[in-house]
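Remarks on the structure that follows.
By convention in this document, chain letters (A, B, ...) are assigned in the order of the sequence lines, proteins followed by strands, and residues within each chain are numbered from 1. What you see is a predicted model, and the numbers here were worked out from it, not measured in a lab.
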Protein chains: 2
Amino acid sequence: MPETISIIIVEDDEAVREGLRMLINGSEGYHCQAACPSAEDALRTIPEFRPDVVLMDINLPGMNGIECVICIKNAWPEIQVMMLTVFDNTDEIFKSLTAGATGYMLKKTPPAKLLEAISELVNGGSPMSGEIARKVVQTFARPVKHPLPESNLTAREEEILSYLSKGFLYKEIAAELFISIETVRTHIRKIYQKLQVRTRTEALLRCMK
Amino acid sequence: MPETISIIIVEDDEAVREGLRMLINGSEGYHCQAACPSAEDALRTIPEFRPDVVLMDINLPGMNGIECVICIKNAWPEIQVMMLTVFDNTDEIFKSLTAGATGYMLKKTPPAKLLEAISELVNGGSPMSGEIARKVVQTFARPVKHPLPESNLTAREEEILSYLSKGFLYKEIAAELFISIETVRTHIRKIYQKLQVRTRTEALLRCMK
DNA sequence: ATAAAAATCACATCAAAGGGTGATTGACAA
DNA sequence: TTGTCAATCACCCTTTGATGTGATTTTTAT
């Protein structure tokens with residue numbers, strides 16, 4: 001968390017690019033290190049500056065913004081990339097997130113909100129324009145739910161089993177659930193008893209039947 | 001989009017519940033129709049008021065908040081539910097979103113931000129606290145290491161992996177293949193390297209696509 | 001033929017998993 | 001009221017798993 005956030009802009013439209021640069025450099029705590037008109041240019045420029053944040057347009061001449069994000073996150077996973085684009089095209093949203101972008105704002109966002117979003121990004125958040133966030137969230141929504149399959153495990157045990165089967169370490173489960181590792185072990189012992197298994201892998205295979 | 005947003009609170013802690021009610025009723029454009037201490041109470045109260053928004057705690061006596069969301073969205077899909085809870089437990093987040101919640105804020109959120117989130121919710125957004133949004137977004141991120149799809153395991157490594165994924169202990173694999181346990185270790189070390197994993201369970205999950 | 005890759009084994013070390021026993025608390029039901 | 005059960009935590013201890021750093025032998029490909 002630097003006191004001044006260093007930023008690189010990737011945007012082919014000169015007016016937008018310079019507008020953003022002026023906004024950023026005119027704001028306390030934000031510094032635009034470079035403003036690139038193409039993805040290729042950005043990939044040459046980034047190693048020189050190592051910015052905290054990259055603002056990325058999608059429609060670019062040559063390599064597009066999403067491919068550029070893949071390159072950036074491959075080489076410098078610590079850099080936070082925020083997509084900044086005109087449309088809320090569903091496909092582009094998910095391709096961007098898959099590529100490793102952690103923010104997605106529309107260009108119509110007011111300047112103050114944009115700066116706030118950048119700040120949120122470096123503070124571990126994932127700023128998204130409202131309609132974007134809604135689309136992302138709705139990919140999880142299931143129209144109806146089927147009642148849980150018959151099992152003698154308690155709700156807590158089921159919960160812990162689900163972490164177990166995702167490969168979490170005991171201490172990771174403990175941290176996630178805010179309980180002691182001893183409690184995790186106790187639960188797992190009971191789960192193993194009930195499932196008649198002796199190891200994590202057997203339990204996993206059992207619940208995949 | 002009503003000019004005044006009508007809201008029902010579901011929260012068992014009286015202090016928090018009344019605090020929220022006062023915040024909402026003290027703010028222009030927001031109206032708290034009811035504040036329920038339990039999910040059951042909420043399900044009785046909602047048909048009477050038909051609120052725009054429900055603020056839902058998760059840890060409730062009796063039916064929990066997530067189950068309550070399922071009931072609500074089943075009966076009144078147009079109602080927007082925002083989870084309001086203390087912890088950013090990953091499992092609860094995704095269960096809530098799957099259940100149909102479209103917002104997820106932590107209780108530590110400052111009052112002004114909370115009102116803004118409610119407003120965003122009825123305007124088609126999905127407000128989430130920063131760390132929540134990041135977790136949601138990161139479920140899409142693929143570790144962009146392409147050299148994974150084709151794992152060049154040798155025949156022997158494949159063989160050992162198959163025992164591994166059936167839950168065999170190292171010494172059982174060794175006995176089965178008439179080799180030393182040290183050799184088993186060595187193979188597994190190479191398998192893990194190639195699959196880019198660190199544990200048996202991760203390897204198993206990786207094999208299962 | 002010889003260099004590279006695969007398969008084998010050893011030792012050391014640390015982290016993680018699993019088993020046993022026991023104890024406390026709160027919820028709920030007989 | 002009492003007893004059961006779920007959930008929590010604390011010790012003890014042993015086994016298993018994972019990693020590092022070697023080495024030797026066999027196969028395989030150039």
Side-chain angles (χ1 to χ4, degrees), chain A residues 148 150-207, chain B residues 12-13 37-40 57-67 86-87 89 91-92 147 150-207:
Chain A
L148 302 167
E150 197 53 54
S151 168
N152 41 348
L153 298 181
T154 68
R156 195 56 154 175
E157 286 163 355
E158 288 278 9
E159 190 176 15
I160 283 169
L161 177 58
S162 90
Y163 285 109
L164 205 57
S165 65
K166 281 171 195 147
F168 282 60
L169 303 181
Y170 287 9
K171 60 179 170 188
E172 290 173 336
I173 301 175
E176 190 73 21
L177 297 178
F178 305 102
I179 57 180
S180 118
I181 196 171
E182 291 299 329
T183 307
V184 174
R185 282 164 22 82
T186 306
H187 282 304
I188 288 172
R189 235 171 288 140
K190 294 220 69 182
I191 292 170
Y192 287 179
Q193 273 175 26
K194 290 184 182 178
L195 295 184
Q196 292 282 293
V197 296
R198 295 182 334 282
T199 68
R200 182 200 213 97
T201 311
E202 284 179 32
L204 213 172
L205 296 173
R206 173 66 49 90
C207 45
Chain B
D12 61 331
D13 184 297
S38 77
E40 291 80 0
D57 189 25
I58 290 187
N59 294 308
L60 297 169
M63 181 188 289
N64 73 35
I66 294 171
E67 291 163 349
V86 183
F87 305 110
N89 175 291
D91 207 47
E92 285 177 353
E150 155 100 43
S151 51
N152 346 307
L153 297 182
T154 68
R156 194 56 155 175
E157 285 163 356
E158 289 278 9
E159 190 177 13
I160 283 170
L161 178 56
S162 88
Y163 285 107
L164 203 59
S165 63
K166 283 172 194 147
F168 282 60
L169 303 181
Y170 286 10
K171 60 178 173 189
E172 290 172 338
I173 301 176
E176 194 74 18
L177 298 177
F178 304 103
I179 56 179
S180 122
I181 195 168
E182 290 301 328
T183 308
V184 176
R185 282 189 209 287
T186 306
H187 282 303
I188 288 172
R189 219 174 300 138
K190 294 220 71 182
I191 292 170
Y192 287 179
Q193 271 177 27
K194 292 185 181 177
L195 295 186
Q196 294 276 293
V197 296
R198 295 184 329 284
T199 67
R200 184 201 212 97
T201 311
E202 282 180 34
L204 214 173
L205 296 173
R206 173 65 49 89
C207 302

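A side chain to side chain contact (heavy atoms under 4.5 Å, CB included) with B:Y163 is found for one member of B:I188, B:V184, B:I173 and no other, namely B:I173. Checking A:K194, A:H187, A:K190 one by one against A:E157, the side-chain hydrogen bond (donor to acceptor under 3.5 Å, both in side chains) holds for a single residue, A:K194.
In this structure a side-chain-to-backbone donor-acceptor pair under 3.5 Å is present from B:R206 to B:L195.
Across the protein-nucleic acid pair, A:F178 atom CZ and D:dC9 atom P stand 12 Å apart, rounded to whole Å. Per the geometry, OH belonging to B:Y192 stands 11 Å off C1' belonging to D:dT16, to the nearest Å. Note: CD1 (A:I179) to P (D:dA6) measures 16 Å, nearest angstrom. Rounded to an integer number of Å, the gap from B:L169 CG to D:dT15 P is 13 Å. Look at CD on A:E182: it is 16 Å from P on C:dG22, rounded to the nearest Å. One can place CZ of A:R185 at 15 Å from P of D:dT15, the figure rounded to the nearest angstrom. B:E202 has its CD atom 12 Å from the C1' atom of D:dA18, to the nearest Å. Rounded to whole Å, atom P of D:dC5 lies 16 Å from atom NE2 of A:H187.
No hydrogens or angles were tested; on distance alone, nothing pairs the side chain of A:T154 with the base of D:dC5 as donor and acceptor under 3.5 Å. If you check distances only, the side chain of B:R189 does reach the base of D:dG20 with a donor-acceptor pair under 3.5 Å.
Contact annotation: A:Y170 does not reach the phosphate of C:dA15 (side-chain N/O to OP1 or OP2, under 4.0 Å). Distances shorter than 4.0 Å separate some side-chain N or O of A:T183 from OP1 or OP2 on D:dC9.
Comparing A:S180 and A:K194 by the nucleotide of DNA chain D whose heavy atom lies nearest to each, the residue mapping closer to the 5' end is A:K194. Residue B:L177 is the one, among B:L177 and A:G167, whose nearest nucleotide of DNA chain C lies closer to the 5' end (criterion: closest heavy atom).
In this structure, the side chains of B:R156 and B:T183 stay at 4.5 Å or more apart for every pair of heavy atoms.
At a threshold of 4.0 angstrom between heavy atoms, the contacts of A:T199 are confined to the sugar-phosphate backbone, with no base atom among them. A:K171 comes within contact range of the sugar-phosphate backbone alone, with a heavy-atom separation under 4.0 Å but no base atom that close.
Crowding of A:R189 atom CZ: a count of heavy atoms from other residues, nucleotides or ligands under 6.0 Å exceeding 12.
Considering only side-chain atoms of B:R156, the nucleotide from D:dC9, C:dG19, C:dT8 that sits closest is C:dT8.
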